[in-house]
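Right, one structure below, let's go through it.
The structure displayed is predicted, hence computed values, not measured ones. Any value given below was found using the heavy atoms of this structure, including those in side chains, with hydrogens, waters and symmetry copies removed.
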Amino acid sequence: MQIVRHIPSKVTLWADTGFQGINTQHPNTQLPKKATRKTPLSPEQKKKIS
């Protein structure tokens with residue numbers, strides 16, 4: 001993804017779960033936690049999504 005190199009590292013990059021590998025290209029990346037059947041989201045994690 002070429003656009004990531006244009007974003008300064010001081011900027012927090014919020015990305016969708018479809019961009020799982022983006023955190024290797026940008027040091028300050030926030031991805032939402034994915035829930036599974038075995039590990040559902042906690043109430044605190046659900047607040048972060050809303």
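- For the atom pair CH2 of W14 and CG of L31, the computed distance is 9.5 Å after rounding to the nearest 0.5 Å.
- Under the 4.5 Å side-chain contact rule for hydrophobic residues, V11 and I22 share a cluster.
- The side chain to side chain donor-acceptor pair (under 3.5 Å) check on N28 picks up T12, with sequence neighbours excluded.
- Annotation: side chain to side chain donor-acceptor pair (under 3.5 Å) contacts of T17 (sequence neighbours excluded): none.
- Separating the CZ atom in R5 from the CD atom in Q25 is a distance of 11.0 Å, to the nearest 0.5 Å.
- Closest non-hydrogen pair, K46 versus L41, comes out as CE-O, 3.6 Å.
- In this structure, N23 and L13 have side chains that are not in contact, with every pair of non-hydrogen atoms separated by 4.5 Å or more.
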H26 vs I7, test: side-chain contact (heavy atoms from CB on, under 4.5 Å). Steps then yes/no. CA-CA 8 Å; H26 192 273; I7 301 172; 3.6 Å; yes
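- Minimum interatomic distance between P27 and S9 (heavy atoms only, all atoms of both residues): CG-CB, 3.7 Å.
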